[in-house]
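Scroll down for the structure; my scribbles are underneath it.
Residue numbers begin at 1 in each chain, while the letters A, B, ... track the order of the sequences. Remember, it's a predicted structure, so these values are computed and weren't measured experimentally.
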Amino acid sequence: MTGLPDADGRTGVTGLTGAPRVRIAPSPTGPLHIGTARTALFNYLFARHTGGTFILRLEDTDQARSSIAYEKDILDGLHWLGLHWDEGPEVAGARARGPHAPYRQMERLPSYAAAAERLRAADLVYPCYCTPELLDADRKAQEAAKQPPGYVGWCASLTPAQQAEREAQGRRGALRFRVGEGVVAFDDIVRGHVEIDVSNLGGDFAIVRADGLPLYHFTVVVDDAAMEITHVIRGEDHLSNTPKHILLFRALGYPVPQFAHLPLILNPDRSKMSKRKSQTAVSDYVDQGFVPEALINYLALLGWATGTEEEILSLDEIAERFDLHAVHKGGAIFDRKRLEWLNGQWIRRLAAEDLIDRLRPFVQAELDAGRIDWMPSDDELRSLLPVVQERLPTLGAVGDLAGFLWVHEVPVEAATLIPKRWDLATTQAGLAAAREIIEAIGDVAFEAEELEPPLRALAESRGWKPGDLFMAIRVAVTGRTATPPLFDTLVALGRERTLRRLDRARELLDTLGAGPG
RNA sequence: GCCGCAUUCGUCUAGAGGCCCAGGACACCGCCCUCUCAAGGCGGAGAUCACCGGUUCGAAUCCGGUAUGCGGUACCA
C-alpha cells in the first residue's frame with residue numbers, strides 16, 4: 001500500500017516548485033453546495049490556466065454526518081458542471097485513481113496516525129483527558145468573564161506517569177497540538193499580507209478525537225502535504241484557520257503551500273449564503289433547468305471579472321482569461337435574476353439537437369407529474385424550436401410554454417376567452433368566422449403563411465383589431481394569453497385539434513350566454 | 001467579547017493618482033419592433049466611490065482613524 005507517507009520523518013522543506021497542484025476537498029455531509037461548486041470552479045480554472053493538476057479529495061472524517069448519498073450528489077454535480085478532475089474518485093463509493101490514492105480520508109487513517117505519532121514523539125502534541133463537560137464549563141466561565149474562549153491547558157503539562165494513570169483507568173485522550181507563542185504571517189494571493197497572533201487561536205487545539213478519529217485541521221494539512229498541494233484555494237471562512245494549518249505544516253516539517261481565500265457568496269442580507277435563506281443545492285438548479293454553461297459563467301463572474309466587458313464566456317474561455325490575483329476581496333450576493341438571464345443567453349446559443357436532448361428530461365418530468373398526457377416526438381420538438389428557444393428562461397419552462405400542445409383537453413376560463421375590448425357576442429362571432437376560415441384550409445396547406453392572411457383579412461372586413469381576433473383564438477386553443485406566435489401554435493396543434501378546441505370554446509361561450517345575467 | 005477580513009449604482013462589477021462630476025451588465029422604467037409573450041434595438045433613471053482626516057497641484061485610486069457588515073473563535077468541515 002502507499003499509505004504511511006512521510007513516516008520516515010522527512011523534515012527537509014523541499015519547496016513546492018513544480019507545476020501547480022490544487023484540490024477541492026468537500027465533505028459528503030450534505031448535497032453539493034453552490035459555494036463548494038464555486039470553490040471547485042476557481043481551483044479548476046487556476047489549474048487549467050497554469051497547466052496544473054486539479055484534485056478531488058473527500059473529507060469524510062465526520063462519520064456521523066457523512067453519507068454515500070451525499071458523496072454521489074457531490075460527484076454528480078461536479079461532473080455535470082464539467083469540472084473534471086485529474087486525480088480523485090470518479091464514481092461515488094468507487095475506488096479512486098491517482099498517484100496519491102486513496103482520496104477519501106477514512107481510507108487514509110494510517111497516514112494521520114503516523115503523522116500524529118511523529119508529533120507525539122516530538123512532544124508537539126499531548127493527550128488531553130478533559131471531559132466535554134469540563135471544557136464546556138471553562139468556556140462558559142470565560143464568556144462570563146468576557147475572556148476569549150479557548151482551551152486553558154489542564155492537560156498540557158501532565159507527566160508521563162499521570163498520563164499512564166489515566167490510561168490505566170481506561171480513559172482515552174484526545175490529542176492537542178501545542179500552539180506555542182508568536183505571530184503567524186502569510187501572504188494570501190487574494191488578501192495580501194495577513195498576520196495573526198497565536199494567542200488568538202483559542203489555545204492548544206485538538207487534532208485527533210478521543211475515539212482516535214483525526215480532525216479537520218490535522219487531516220487537511222497531512223493530506224495537502226501528501227498530495228503535494230501547492231496552492232490552497234478555498235473560502236474566506238477558512239482564513240482564520242490558516243495559522244493553525246501553517247503551524248502544523250511547520251511542525252510536520254512540510255513546505256507551506258500558498259493560500260488564496262475566496263470571497264464568500266452571500267444571502268440577500270449579506271450573511272454567508274445558506275440553505276435557510278437561499279437555494280444552495282446545485283442539484284436544485286439542475287432540476288429547474290439551468291444549464292451548466294450558465295451556472296459556470298455566473299459563478300466565475302461572482303468575485304472575479306475579466307477586466308473587459310465580455311460577459312458570456314464558456315468554461316474554456318474563462319480558464320484562458322482567469323487570474324487569481326484579480327479575484328475580489330469582498331463577498332458577493334447571489335443574484336438569481338442575473339443567473340436566469342445568463343441561462344437564457346446560453347439556451348439561445350445551443351444547437352437544435354443539443355437543446356432537444358436537454359429538453360427531453362424536462363418534458364418527461366411534465367409527463368411524470370401528470371401535467372401533460374403524452375411525450376412529443378423529437379421531430380415535433382425540433383419543429384417547435386424556432387419559436388420556443390428564445391422564449392425559454394430555463395429548460396424547466398418548456399411545460400409552461402408549450403405544454404398545452406401535449407394534452408387531450410386544455411382548461412379554458414370563459415372570462416379570459418373574451419378579449420379586453422370585445423364583448424361576448426363579438427367573441428362568438430369572431431370565433432365562428434375564424435373557425436370557418438381555418439376549416440377551409442386543408443391539411444396540406446395548414447401552414448402559418450396560409451393561415452395568417454385570411455384571418456387578418458377577416459378582422460379587417462369586420463372592423464376588428466387583428467390582435468383582438470388573434471387573442472380570442474389564442475385563448476380558445478391554448479387556454480392562455482401568453483403563448484408562442486399564434487399561427488405557429490395552430491400549425492403545431494394541427495388542423496383537427498385546432499377545430500376541436502375552437503368548438504369547445506364556442507360551446508363554453510354559448511353556456512355563458514344562456515346563463516343568468 | 002476577542003481575532004481577522006471587507007466596504008464603487010438595488011445587484012454583479014470596470015477602475016491600480018489626472019482619460020471618472022465614475023464605464024458595462026442584471027433588474028427597473030420608457031420608446032421602437034409586434035397577434036400575446038419573449039427575444040432584439042434605442043433611450044432613461046440609478047453611486048456626494050461607507051464616513052472623517054491626511055499626503056498631493058490633483059485621490060474612487062496612497063496613508064491613518066471611525067463606522068458598519070461579515071467570517072472565525074468545537075474532540076464540525
Can you sort out which residues in residues 410-420 of chain A have a heavy atom within less than 4.0 Å of RNA chain B? Ascending by number, please.
-> none

Under 4.0 Å between any heavy atoms, over every strand shown, what does A:Leu486 touch: base, sugar-phosphate, or nothing? Just pick one.
-> base

Is it true that A:His245 and A:Phe218 have ring centroids separated by less than 6.0 Å?
-> no

Please work out if A:Gly303 contacts a base, only the sugar-phosphate, or nothing of the nucleic acid, heavy-atom cut-off 4.0 Å.
-> sugar-phosphate

Round to a whole Å and report the spacing from CE of A:Met471 to P of B:U34.
-> 17 Å

A:Phe259 atom CZ is separated from B:C5 atom P, nearest whole Å, by 15 Å

Under 4.0 Å between any heavy atoms, over every strand shown, what does A:Pro484 touch: base, sugar-phosphate, or nothing? Just pick one.
-> base

Base partner of B:A59, which must satisfy Watson-Crick or wobble distances under 3.5 Å = none

P gap between B:C21 and B:G30, integer Å = 31 Å

Complement of B:C76, any strand, by Watson-Crick or G-U distances under 3.5 angstrom | none

Cationic tip of A:Arg176 above A:Tyr151 ring, under 6.0 Å, 45° of axis = yes

Scan side-chain atoms only and decide if A:Tyr126 and A:Gln163 contain a donor-acceptor pair under the 3.5 Å cut-off.
-> no

Examine A:Lys244 relative to A:Phe177 and say whether NZ or CZ is less than 6.0 Å from the centre of the six-membered ring and inside a 45° cone about the ring axis.
-> no

Here the distance between atom P of B:U34 and atom CZ of A:Phe487, to the nearest Å, is 14 Å

What is the pairing partner of B:C26, taking Watson-Crick or G-U wobble pairs with both distances under 3.5 Å in any strand?
-> B:G10

In the strands shown, is B:A45 matched to any nucleotide by a Watson-Crick or G-U wobble pair with both distances under 3.5 Å, and which?
-> none

Could you state the atom-to-atom distance from CZ of A:Arg234 to P of B:G4 in whole Å?
-> 18 Å

Under 3.5 Å on both distances, the Watson-Crick or G-U partner of B:U36 = none

Partner nucleotide, any strand, of B:A16 [Watson-Crick/G-U, under 3.5 Å] | none

Could you measure between the two C1' atoms, the one in B:A45 and the one in B:U68, and give it in whole Å?
-> 28 Å

note: A:Leu313, atom CG; B:U13, atom P; distance rounded to Å ~ 15 Å

Mind checking ring-ring contact (aromatic ring centres under 6.0 Å, His included) for A:Trp422 and listing every partner two or more places apart, or none if nothing turns up?
-> A:Trp464

So, do A:Phe322 and A:Phe42 have ring centers that fall under 6.0 Å from each other?
-> yes

Could you name each residue pair satisfying salt bridge (charged side-chain N to carboxylate O under 4.0 Å, His left out) that touches residues 205-219 of chain A, not counting sequence neighbours?
-> A:Arg209-A:Asp211

With nearest nucleotides of RNA chain B determined for A:Gln147 and A:His193 from heavy-atom distances, which residue corresponds to the more 5′ nucleotide?
-> A:Gln147

Strictly below 4.0 Å, heavy-atom distances to any atom of RNA chain B: list the hits from residues 389-400 of chain A, or just say none.
-> A:Glu390, A:Arg391

Classify every nucleotide of nucleotides 68-77 of chain B by which part a protein heavy atom approaches to under 4.0 Å, writing B for the base, S for the sugar-phosphate alone and - for neither, in 5'-to-3' order.
-> --SBSSSBBB

Worked verdict on A:Phe290 versus A:Tyr298 for ring pair (Phe, Tyr, Trp, His ring centres under 6.0 Å) | CA-CA 11 Å; A:Phe290 284 91; A:Tyr298 178 71; 9.4 Å; no

Examine the side chains of A:Ser27 and A:Glu59 and answer whether a donor and an acceptor come within less than 3.5 Å of each other.
-> no

Looking for any heavy atom pair under 4.0 Å, which part of the strands does A:Glu340 touch: base, sugar-phosphate only, or nothing?
-> nothing

Heavy atoms from other residues, nucleotides or ligands near CD of A:Glu436 exceed 12 (cutoff 6.0 Å) | no

In sequence, state the C-alpha distance, the side-chain angles, and the governing distance for A:Arg371 and A:Trp406, and then conclude on side-chain contact (heavy atoms from CB on, under 4.5 Å).
-> CA-CA 9 Å; A:Arg371 287 192 288 267; A:Trp406 313 311; over 6 Å; no

Evaluate whether atom CD of A:Glu413 has more than 12 neighbouring non-hydrogen atoms of other residues, nucleotides or ligands under 6.0 angstrom away.
-> no

Calculate the interatomic distance between A:Phe186 atom CZ and B:G4 atom P; express it in whole Å.
-> 11 Å

When rounded to the nearest 0.5 Å, the distance separating CG of A:Asp138 from SG of A:Cys130 is 7.0 Å

How does each nucleotide of nucleotides 22-33 of chain B score, in 5' to 3' order, for protein heavy atoms under 4.0 Å: base (B), sugar-phosphate only (S), or none (-)?
-> -SSBS-------

Please confirm whether the backbone N or O of A:Gly330 pairs with a side-chain atom of A:His328, one donor and one acceptor, at under 3.5 Å?
-> no

State the pairing partner of B:C70; accept Watson-Crick or G-U wobble contacts with both distances under 3.5 Å, and report none otherwise.
-> B:G4

Check every strand shown and say whether A:Pro485 touches a base, only sugar-phosphate, or nothing at a heavy-atom separation below 4.0 Å.
-> base

